[in-house]
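Following: one structure in structure tokens, then a few remarks.
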Number of protein chains: 2
Amino acid sequence: MSEPLFNKVALIGIGLIGSSLARVIRRENLANTIIVNTRREETLNRARELNLGDDYYSSAAEAVRDADLVIVCVPVGACGQVAAEIAPALKPGAIVTDVGSTKRSVIQQMAPVLPDTIEFVPGHPIAGTEHSGPDAGFAELFRNRWCILTPIGRASDEAVQKLSRFWEACGSRVDTMDPDHHDKVLAIVSHLPHIIAYNIVGTADDLETVTQSEVIKYSASGFRDFTRLAASDPTMWRDICLHNKDAILEMLARFSEDLSALQRAIRWGDGETLFNLFTRTRAIRRSIIDAGQDVAAPDFGRQVVQEKSAAPADAEG
Amino acid sequence: MSEPLFNKVALIGIGLIGSSLARVIRRENLANTIIVNTRREETLNRARELNLGDDYYSSAAEAVRDADLVIVCVPVGACGQVAAEIAPALKPGAIVTDVGSTKRSVIQQMAPVLPDTIEFVPGHPIAGTEHSGPDAGFAELFRNRWCILTPIGRASDEAVQKLSRFWEACGSRVDTMDPDHHDKVLAIVSHLPHIIAYNIVGTADDLETVTQSEVIKYSASGFRDFTRLAASDPTMWRDICLHNKDAILEMLARFSEDLSALQRAIRWGDGETLFNLFTRTRAIRRSIIDAGQDVAAPDFGRQVVQEKSAAPADAEG
């Protein structure tokens, strides 16, 4: 059995991402000791019940003491405060990273506070589900997903490489990118989709002419696809909206512009414009499936899942 | 074995819905004879290869001769033409129905053309996938889904009840509704979601600052959920947009209004408004899962599907 990559890893925050990391670190033997930190006593107790770590602290400063790798897994709005708390306690040479969905803001909050003696490598695993909390995590979360690192000259090449190896050992593929470019990319692939999903579910919830019970009953005709994203953690998504404002507003403006054009085509009965748009969007899904970023089964394979849970004895046939 | 509900059923159109009906009619023994009709020779041949029916016709008029139940399964823009073609050949007393996603327009196209001697019951099974064509159908498509009938006084109660029994035998639950109300409900639960999905995928495809390859690589962070709907049949969706214009434009206006408010909250850093919206949308997903209209597994259960296809031998564990 090979030596673990790190002696001691501290997880600051133990929600979906933190608890998935805890599970994969243990399974892949990536650290001798896993330290779990979260401020809420109830969540910390739950992490202990789930046996996610070796030691548990409600103080972030105590949690990072002697850690070789510190992974900040809190909503992006809380990164600055965490950085201030852990800064005096960090071991020189420790790698500090995060998992936040906005990078420029996280860097602005953390970089000025962290000591020069540590290696700061901002990061973002492109993985998640609509569930949250320590129970929601699972070791497979990062498998075949990308993790983007956005180094900013505050870490050695060795530290960046070691962190890359860590994410690869978690099952991910690793890219590096400029933080501002990351924020633009995520605005379109993640932030805009979530905002749109939240918005449409809100619109449906507000209607007077169609009841909520009708929306629910007939949701399999399309609407339900949006409700998954719109069930994501509210605090996390409030913070993302507040911390990637410029890129999100840019993408929202483009989306709205395109939607106005589409609306106009519908109003004026311009079937050709509609047909052309509806045709070229098909190709993108094909590419996503080919790239291994989605399943090819119809309806995301829900039918398979439904049959499996309905009749487990038949699932082997 | 009980007597089939119908002696002869004619399917006009053999795409996803038509071919799913063919399969479930055969499996549940709902007719003695299944007639398949489609205009394209290639599709008709494929239906024959798949053994979907008992007789195959490229002429709709020939296909409906002596049929007790005629189900029109073509894009809603083609319903009027089909009605004109089959009208002279329909057997008196035959039940004629459709599966179109807009009801007012289908009624306006078909009702004036169909003879008074037949029973016309417009219908709409709330079921589908992003795939199309005769290969895409499967007998389970309608199971646990709703089918909405919108009778308009052009059929006897017996005919409506018989058609209800037919859909129930296909696995559906049946509702009846006023056609205009149907069109409003579908505009929000199906048409708006598809249009929004097509639009966002189009927006992403057009960006200069983010490459298409980046959109594809990182799509698991939200974007991919939209690509499924945006891969739906372009002809079908062009027709829906053109044939449910008023209700769609109304829902689009409300969606855009809400999106502007959300955009404003982002611009002005109004975290409370964001948090409140992001919280109430969670409840709707819960209701949809409780109503059996979606799976509870995270990520629509994609992980289960992926593992199943990656390592079938482990799937039994």
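Residue numbers start from 1 in every chain, and the chains themselves are labelled A, B, ... in the order their sequence lines are given, proteins ahead of strands. These numbers come from a predicted model, not from an experiment.
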Rounded to the nearest 0.5 Å, what separates atom NZ in Lys245(A) from atom CH2 in Trp268(B)?
8.0 Å
Are any of the side-chain heavy atoms of Leu259(A) and Ile196(B) separated by less than 4.5 Å?
yes
Answer key: most heavy-atom pairs under 4.5 Å with chain B among Arg267(A), Glu257(A), Met177(A) is Arg267(A)
Validation row: Pro193(B), Ile200(A) side chains within 4.5 angstrom (heavy atoms)
yes
Let's test your reading of the structure: which of Val185(B), Asp294(B), Leu229(B) forms the most heavy-atom pairs below 4.5 Å with chain A?
Asp294(B)
Using a cut-off of under 4.5 Å on heavy-atom pairs, state which of Ser221(A), Gly269(A), Ala291(A), Ala253(A) scores highest against chain B.
Ser221(A)
Counting heavy-atom pairs under 4.5 Å with chain A, the top scorer among Asp270(B), Val189(B), Val210(B), Asn276(B) is Val189(B)
With a 4.5 angstrom heavy-atom cut-off, is it the side chain or the backbone of Ile195(A) that approaches chain B, or both, or neither?
both
Heavy-atom nearest pair, Ala231(A) first then Arg282(B), reads O-NE, 2.8 Å
Of Arg238(A), Arg228(A), Gln212(A), the largest count of non-hydrogen pairs under 4.5 angstrom with chain B goes to Arg228(A)
In short, Ile216(B) meets Ser287(A) closest at the heavy-atom pair CD1-CB, 3.3 Å
Are side-chain heavy atoms of Phe275(B) and Thr235(A) found at a separation under 4.5 Å?
yes
Picking from Ile188(B), Ile248(B), Leu141(B), which has the most non-hydrogen pairs under 4.5 angstrom with chain A?
Ile188(B)
How long is the straight-line distance from OG of Ser190(B) back to CG of Asp225(A), given to the nearest 0.5 Å?
10.5 Å
Apply side chain to side chain donor-acceptor pair (under 3.5 Å) to the pair Asp299(B) and Thr129(A), showing each step before the final yes or no.
CA-CA 6 Å; Asp299(B) 261 333; Thr129(A) 77; 5.9 Å; no
Looking only at heavy atoms, which two atoms of Arg145(B) and Ala220(A) are closest? And how far apart?
NE-CB, 3.4 Å
Side chain of Arg254(A), backbone of Thr203(B): donor and acceptor closer than 3.5 Å?
no
Fit a plane to each ring of Tyr198(B) and Phe278(A), take the angle between them on a 0 to 90° scale, and name the class: parallel (under 30°), tilted (30 to 60°) or perpendicular (over 60°).
parallel
Please find the pair of heavy atoms, one from Ser219(B) and one from Gln293(A), that lie closest to each other, and give the distance.
OG-CB, 3.6 Å
In terms of heavy-atom pairs under 4.5 Å, which option from Gln263(A), His191(A), Glu272(A) contacts chain B the most?
Gln263(A)
Can you confirm whether Ile266(A) sits close enough to Leu252(B) that some side-chain heavy atom of one is under 4.5 Å from a side-chain heavy atom of the other?
yes
Interface residue of largest heavy-atom contact number with chain A, from Ser260(B), Gly271(B), Ala136(B), Ala261(B), under 4.5 Å
Gly271(B)
Just by distance, do the side chain of Thr281(B) and the backbone of Ala230(A) share a donor-acceptor pair under 3.5 Å?
yes
Go through Ala187(A), Ser232(A), Gly301(A), Ser256(A) and name the one with the most non-hydrogen pairs under 4.5 angstrom from chain B.
Ser232(A)
Partner chain B: residue of Asn144(A), Asp290(A), Ile284(A), Leu274(A) with the largest heavy-atom pair count (under 4.5 Å):
Ile284(A)
Between Asp206(B) and Arg280(A), does a salt bridge (Lys or Arg N to Asp or Glu O under 4.0 Å) hold up when you go through it step by step?
CA-CA 11 Å; Asp206(B) 280 343; Arg280(A) 80 183 160 105; 3.2 Å; yes
Is a donor on one side and an acceptor on the other found under 3.5 Å between the side chain of Asn199(A) and the backbone of Leu262(B)?
no
If you count heavy-atom pairs under 4.5 Å with chain A, which of Asp233(B), Thr279(B), Leu242(B), Leu249(B) comes out on top?
Leu249(B)
Can you check side-chain contact (heavy atoms from CB on, under 4.5 Å) on Leu207(A) and Met251(B), steps first, answer last?
CA-CA 9 Å; Leu207(A) 294 175; Met251(B) 295 305 169; 3.9 Å; yes
Over 12 foreign heavy atoms within 6.0 Å of CZ, Arg27(A):
yes
Shortest non-hydrogen contact between Glu130(B) and Ala297(A), atoms and distance:
OE2-O, 3.9 Å
Who wins among His181(B), Lys217(B), Lys184(B) for the most heavy-atom pairs under 4.5 Å with chain A?
Lys217(B)
CZ (Phe223(A)) and CG (Leu186(B)) are apart, to the nearest 0.5 Å, by 13.0 Å
Please flag which part of Ala283(B) lies under 4.5 Å from any non-hydrogen atom of chain A: side chain, backbone, both or neither.
neither
Under 30°, 30 to 60°, or over 60°: which ring-plane class applies to Trp146(B) and Tyr218(A), parallel, tilted or perpendicular?
perpendicular
Honestly, the part of Ile289(B) sitting under 4.5 Å from a heavy atom of chain A is neither
Mind running side-chain contact (heavy atoms from CB on, under 4.5 Å) on Phe300(B) and Val295(A) for me, showing each step along the way?
CA-CA 11 Å; Phe300(B) 301 123; Val295(A) 294; over 6 Å; no
